[in-house]
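What follows is a set of notes on a single structure, which appears directly below.
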Amino acid sequence: MLGSSTLANILLVGQLKAAWRAVVQSRAEAETSARRLAFLAKTSTTLASSLDYEATISSVARLIVPTLADWCTIHILEDDGLIRRLAATHIDPTKEKLVHDRPRRYPLAPNAQHIVSHVLRTGQPELYPFVTDEMLVAAARDPEHLQVMRTLGFTSYMCVPLLARGRAIGAITIVSANARRRYTQTDLTLAQELAHHAAIAIDNARLYREAQDAINMRDQFLSIASHELKTPLTAVLGFAELLQARARDGGIMSDREQRALHLLILQSQRLNDLVCSLLDISRMRTGQLSIDRKTIDLCAVARRVVDETQPLLEKHTVQIIEPCTPLMIQGDELRLHQALQNLVQNAIKYSPAGGPVIVQAEQRGDEACVTVIDTGIGIPAEALTQLFHRFYRAPNVAGKNITGMGIGLYVVKHIVNLHGGRVSVQSQEGIGSTFTICLPCLAEPSPLDHPEGDN
Ligand code: ADP
């Protein structure tokens, strides 16, 4: 017979053991939960690090093996409706090749009774905690396939869909080749959370790649179209100028015909300028726009732009303010002429009521600067930061019937940057705008450069 105190002691020991088991279990759960959170945090960081499509998919595979699996594959449903294996990795490097070769030997049909196809069709995950050899025999297509599956190892298996924007874009197959790791519902939940992050990252990378492809196609089209347009345009312009010269030299042409010819030349020149700008844009995109530096006087370039522009104006005046001494720089005269012409043409175009345009050239410290000032429509403050972006036009031009493509300032900035200079703008809507380009001046020759000058 047990005494009452002995019984109480036994009960107490039992309670203590149960409490200890509860402590151990809750500590194990806390550790599992911490590991799970750390794994998901690492997943987010890794997936956020690249927008490259292939790199993102293989980084998902590398996250899964070895933490969650002994080997895994990632299948993606592609635009042509086919399911392709885009990543595969195995914990055992000697079996890596086998897992890579597998889909090539056993291609996956979209409507096949294969688990990956099924998961993609239903959008639901599948979990097989125990995979037996009988199951492998039943699933194998032929003895070679069976041998491959046995070599890779299949003891427990999960397949989770990659869901993005409401549809399954792929599936991750997660396999344990080790009898000590049997997947549970908890593992499936973790795999689904991982697949959720992965699907967003893969979908973003795919959208980014599509956007890049579309941009490249547009640039290619721009380049081809502008080259194709330039050839006939040059011929039209050339022959029109020839006719005009003949008419001037005493050819028979009525006033009306001469005016029409003049208009034809003006419009062809305008078209030519636009085509040249498009060509420049595509050259800039491919890094082919280069500058040919020579020692030049920036003042003289600005003066030439003003002299060429003034005779064509009716409502505007363009005046140059320049220093007494030249502003010598190392620069590409043609390209700087183009940049200053863009600024002066804009000053005129965006002053539809007419008025003065001032071009001021001056030396500021060790920089040569040209400022173009107008009293036109100005630019809204919120548009100033985007003004030099490609194809950007400020909102206040809408409805004013001022044509443009938003290329000129982008070209100006690119040319100025190539010269190691900078371009800036100050403007007030309804009052006017001031654009300034500043380029490094040519360094004064140092007496040390000419030692003979010391004698
Ligand atoms: P475009 O004139 O062909 O639209 P630009 O790249 O030369 O292209 O100019 C981009 C935008 O900057 C213009 O659409 C216009 O909104 C604004 N802008 C440029 N210059 C001026 C100016 N002098 N005054 C007012 N707005 C200007």
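As the structure lists them, so they are numbered: ligands from 1, and atoms in each ligand from 1. Counting from 1, the numbers follow the sequence of the chain as shown. This structure is a prediction, so every number in the text was calculated from the model and none was measured.
- Around atom CG of Asp366, no more than 12 heavy atoms belonging to other residues, nucleotides or ligands sit under 6.0 Å away.
- Under the 4.0 angstrom criterion for non-hydrogen atoms, Phe388 is not in contact with ligand 1.
- Residue contacts with ligand 1, taken as heavy atom pairs separated by less than 4.0 Å, involve Val397 solely via side-chain atoms from C-beta onward.
- For ligand 1, the atoms closer than 4.0 angstrom to any heavy atom of Leu409 are 5 (P), 6 (O), 7 (O), 9 (O), 10 (C), 12 (O), 19 (C).
- In this structure, Leu279 and His227 have side chains that are in contact, with non-hydrogen atoms separated by less than 4.5 Å.
- Judged purely by distance below 3.5 Å, without hydrogens or angles, the side chains of Gln338 and Arg335 pair a donor atom with an acceptor atom.
- Contact atoms of ligand 1 toward Gly404: 1 (P), 3 (O), 4 (O) (distance under 4.0 Å to a heavy atom of the residue).
- At under 3.5 Å, not a single nitrogen or oxygen of Thr403, backbone or side chain, sits near a nitrogen or oxygen of ligand 1.
- Taking a cut-off of under 4.0 Å to the non-hydrogen atoms of Lys349, the atoms of ligand 1 that pass are 1 (P), 2 (O), 3 (O).
- Put simply, no part of Asn342 is less than 4.0 Å from ligand 1, judged by heavy atoms.
- Look at Gly406 and you'll find a heavy atom under 4.0 Å from some atom of ligand 1.
- When each of Val411, Leu409, Asn417 is checked for a side-chain contact (heavy atoms from CB on, under 4.5 Å) with Phe388, only Leu409 meets the rule.
- Side-chain atoms of Ile281 and Met405, non-hydrogen and from C-beta on, never get closer than 4.5 Å to each other.
- The aromatic rings of His414 and Tyr410 sit tilted relative to each other, their planes meeting at an angle between 30° and 60°.
- Considering every non-hydrogen atom in both Glu126 and His118, the closest pair reads OE2-ND1, 2.6 Å.
- We find the CG-CG distance between Leu222 and Asp280 to be 11.5 Å, quoted to the nearest 0.5 Å.
- Heavy atoms of Ala394 found under 4.0 angstrom from ligand 1 belong to the backbone as well as the side chain.
- The shortest side-chain heavy-atom distance between Met158 and Ser176 does not fall under the 4.5 Å cut-off.
- With Tyr410, Phe391, Tyr350 as candidates, the residue nearest to atom 21 (C) of ligand 1 on a non-hydrogen basis is Tyr350.
- Considering only non-hydrogen protein atoms, atom 23 (N) of ligand 1 sits nearest to Asp374 OD2, 2.9 Å.
- Protein heavy atom in closest approach to atom 4 (O) of ligand 1: Arg393 NE, 2.6 Å.
- Considering only non-hydrogen protein atoms, atom 7 (O) of ligand 1 sits nearest to Asn346 ND2, 2.8 Å.
- Between Ile115 and Tyr128 the shortest side-chain heavy-atom distance falls below 4.5 Å.
- With a heavy-atom cut-off of 4.0 Å, Ile407 touches ligand 1 through its backbone alone.
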Is there a salt bridge (Lys or Arg N to Asp or Glu O under 4.0 Å) between Arg181 and Asp70 once you walk through the steps? CA-CA 9 Å; Arg181 173 152 57 186; Asp70 294 313; 3.3 Å; yes

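- Using modelled atom types, one finds a donor on one side chain and an acceptor on the other under 3.5 Å when comparing Thr403 with Arg270.
- Ligand 1 has no N or O atom lying under 3.5 Å from any N or O atom of Asn396, backbone or side chain.
- Heavy atoms of Tyr392 found under 4.0 angstrom from ligand 1 belong exclusively to the backbone.
- In terms of protein heavy-atom proximity, atom 12 (O) of ligand 1 is nearest to Leu387 CD1, 3.4 Å.
- Where the criterion is an N or O separation shorter than 3.5 Å, residue side chain and backbone included, Ile377 fails it with respect to ligand 1.
- Distance from atom 3 (O) of ligand 1 to its nearest protein heavy atom, with residue and atom name: Met405 N, 2.9 Å.
- When only non-hydrogen protein atoms are considered, atom 26 (N) of ligand 1 lies nearest to Ile379 CG1, 3.3 Å.
- Ligand 1 has no atom lying under 4.0 Å from any heavy atom of Gln345.
- The shortest distance between side-chain heavy atoms of Asp374 and Tyr350 does not fall below 4.5 Å.
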